[in-house]
Engineer: 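This structure is in structure tokens; I'll ask about it shortly.
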Number of protein chains: 2
Amino acid sequence: MKLSSQAQAFVLHFGEMGSRWGFNRTVGQMFALLTIHPSPLNAEQLAQALKISRGNVSMGLKELQAWRLIELHHQPGDRKDYFTTAGSIWDLARTVFEERRKRELDPTLSLLRQLLLNEPQDDLDAQAQEKIQEVYSLLELLEEFTNTLSKLEHQDLLKLMKLGSGIVKLLEFKSKMTGGPSRSS
Amino acid sequence: MKLSSQAQAFVLHFGEMGSRWGFNRTVGQMFALLTIHPSPLNAEQLAQALKISRGNVSMGLKELQAWRLIELHHQPGDRKDYFTTAGSIWDLARTVFEERRKRELDPTLSLLRQLLLNEPQDDLDAQAQEKIQEVYSLLELLEEFTNTLSKLEHQDLLKLMKLGSGIVKLLEFKSKMTGGPSRSS
DNA sequence: TACAATTTTCAGAAATTTCTGAAACTTAAG
DNA sequence: CTTAAGTTTCAGAAATTTCTGAAAATTGTA
């Protein structure tokens, strides 16, 4: 399990970024290593390659499974658990995206929904309520939009992402077709 | 500076979520409070309302300014600095989105670009290089797409987000118009 | 210039998160 | 059933992040 200097750099960087993406350094490194390594790896190999404890690897694998980013394999005649990343790079990106939505958006939507049930007691309260409503509307729309995106076929998603400023043209066309009012701006 | 229980809950929740959104608890709370409070607040008021030290407030304000999420105001005859959030809820969301792209995507793109300059030394290296290229292509596309989105007019963005599964129809139409091959799948 | 109000800085304290490694647990095979 | 290979757990240690508060720096006013 010696890593090329390329792989080394890749793994270390994903460790650094890990915390910005929602997991800790070693989980980031484990994920990167499983991504860049051509064959399944077992816990011992991960621990050795990343120079971390066996226990830490176990916890990291559990976390990556909770993220649905890795899957378990077995080699004939070997009792060890081997792991690979779950699907293509695109599949993985989609999964990270969905899991992050779940962790970063859903709890807030849920709380704001709760808050909006309360009747405002006074004027100040009513003003706050209004702001809460605004935030809620935006986040709800974002939730629906990201949900739509993550349900798109790979092909369609690709097309959409490649549109660039062509998006505006397409939207304008849509307005015309459905008879919506044109915007002057 | 007494907070209604609504505001209280809102602020505390944003504190909890803060770490998932890229800032720490008190920064999250400060941002929430400035969002929900109808008038500008000074450092003393923030410290008092959130029960945190004056020094912590100063650091938090610096951070929120680095995120371009707040702006400074002055009240006539008062030397204190007063702060409000910078723009509408939509403006703020857009800013958070852009800053996060900058922090979560750009450094990785930059590293991967670097790695792709190296010539693979052996076969294993070449395989790794291929994976790096795949990740790079995806992230680059994502960067361009999010960049497109964040440049859209509010109106257009709203339209796009409200399309839902209508997006597929629009993409199909686009294919037809530009003569691209139709997909069977 | 002197002064007082205000903000910023930053060393160390406190809180939180991550990691280790030994013990407990699980499981497949004889 | 027993054993050994392998995995998970978790209490405490280590590392990291956040926070405090006093001192230093800045700024507006007279």
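Naming convention: chains lettered A, B, ... in sequence-line order (proteins, then strands); numbering from 1 in each chain.
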Engineer: B/S88 and B/D91: side chain to side chain donor-acceptor pair (under 3.5 Å), yes or no, with the steps?
Structural biologist: CA-CA 5 Å; B/S88 69; B/D91 294 333; 3.2 Å; yes
Engineer: Rounded to whole Å, how long is the line connecting atom CZ of A/F83 with atom C1' of D/dT8?
Structural biologist: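 To the nearest whole Å, that distance equals 12 Å.
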Engineer: Might you point out which heavy atoms bring A/N118 and B/Q6 nearest each other, and give the distance in Å?
Structural biologist: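 Nearest heavy atoms, A/N118 then B/Q6: ND2-OE1, 2.7 Å.
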Engineer: Before giving the answer on salt bridge (charged side-chain N to carboxylate O under 4.0 Å, His left out), spell out for A/E99 and A/R68 the whole-Å C-alpha distance, their side-chain angles and the decisive distance to 0.1 Å.
Structural biologist: CA-CA 9 Å; A/E99 288 289 329; A/R68 312 197 322 275; 2.3 Å; yes
Engineer: Without swapping roles, check the side chain of A/D125 against the backbone of A/Q121 for a donor-acceptor pair under 3.5 Å.
Structural biologist: yes
Engineer: Please determine if A/R94 and A/E98 form a salt bridge, counting it only when a charged side-chain N lies under 4.0 Å from a carboxylate O.
Structural biologist: no
Engineer: Quick check: do A/L34 and A/T84 have side-chain heavy atoms less than 4.5 Å from each other?
Structural biologist: no
Engineer: Check the pair B/E104 / A/R100 against salt bridge (charged side-chain N to carboxylate O under 4.0 Å, His left out), numbers first and verdict last.
Structural biologist: CA-CA 13 Å; B/E104 297 176 13; A/R100 287 184 63 172; 2.9 Å; yes
Engineer: Over all strands shown, is B/D81 touching base, sugar-phosphate only, or nothing at heavy-atom distances under 4.0 angstrom?
Structural biologist: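 If one applies the 4.0 Å heavy-atom cut-off, B/D81 turns out to touch the sugar-phosphate alone, with no base involved.
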Engineer: Write out all pairs satisfying ring-ring contact (aromatic ring centres under 6.0 Å, His included) with one or both partners inside residues 26-77 of chain A, taking only residues at least two apart or from two chains.
Structural biologist: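 Non-adjacent pairs meeting ring-ring contact (aromatic ring centres under 6.0 Å, His included): A/F23-A/W67.
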Engineer: Strictly below 4.0 Å, heavy-atom distances to any atom of DNA chain D: list the hits from residues 43-63 of chain A, or just say none.
Structural biologist: A/R54, A/G55, A/S58, A/M59, A/K62
Engineer: Contact between B/L61 and B/V57 at the side-chain level, heavy atoms closer than 4.5 Å - yes or no?
Structural biologist: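 They are in side-chain contact.
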Engineer: Atom pairs under 3.5 Å, N or O on each side, protein against nucleotides 27-30 of chain C: can you list them with distances?
Structural biologist:
unit_1 : atom_1 : unit_2 : atom_2 : d
C/dT27 : O2     : A/R79  : NH2    : 3.0

Engineer: Just the rounded figure in Å: distance from C1' of D/dA4 to NZ of A/K80.
Structural biologist: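 Computing the A/K80:NZ to D/dA4:C1' distance gives 13 Å.
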Engineer: State, to the nearest 10°, the angle formed by the axis through the first five base pairs of the helix from C/dT1-D/dA30 to C/dG30-D/dC1 and the axis through its last five.
Structural biologist: 20°
Engineer: Kindly work out whether a path of hydrophobic side-chain contacts (I/L/V/M/F/W/Y, heavy atoms less than 4.5 Å apart) joins B/L116 to A/V11.
Structural biologist: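 Hydrophobic grouping puts B/L116 with A/V11.
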Engineer: State the CG-CG distance between A/L3 and A/L33, to the nearest 0.5 angstrom.
Structural biologist: 5.5 Å
Engineer: Working to the nearest 0.5 angstrom, can you tell me the gap between A/L64 CG and A/E71 CD?
Structural biologist: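 Rounded to the nearest 0.5 Å, the CG-CD separation comes to 12.5 Å.
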Engineer: In residues 8-35 of chain A, which residues come under 4.0 Å of DNA chain D by heavy atom?
Structural biologist: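 Within this stretch, A/R25 sit under 4.0 Å of the strand.
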Engineer: Between side-chain atoms of residues 160-169 of chain B and protein atoms elsewhere (two or more places apart, or another chain), which donor-acceptor pairs fall under 3.5 Å?
Structural biologist:
none

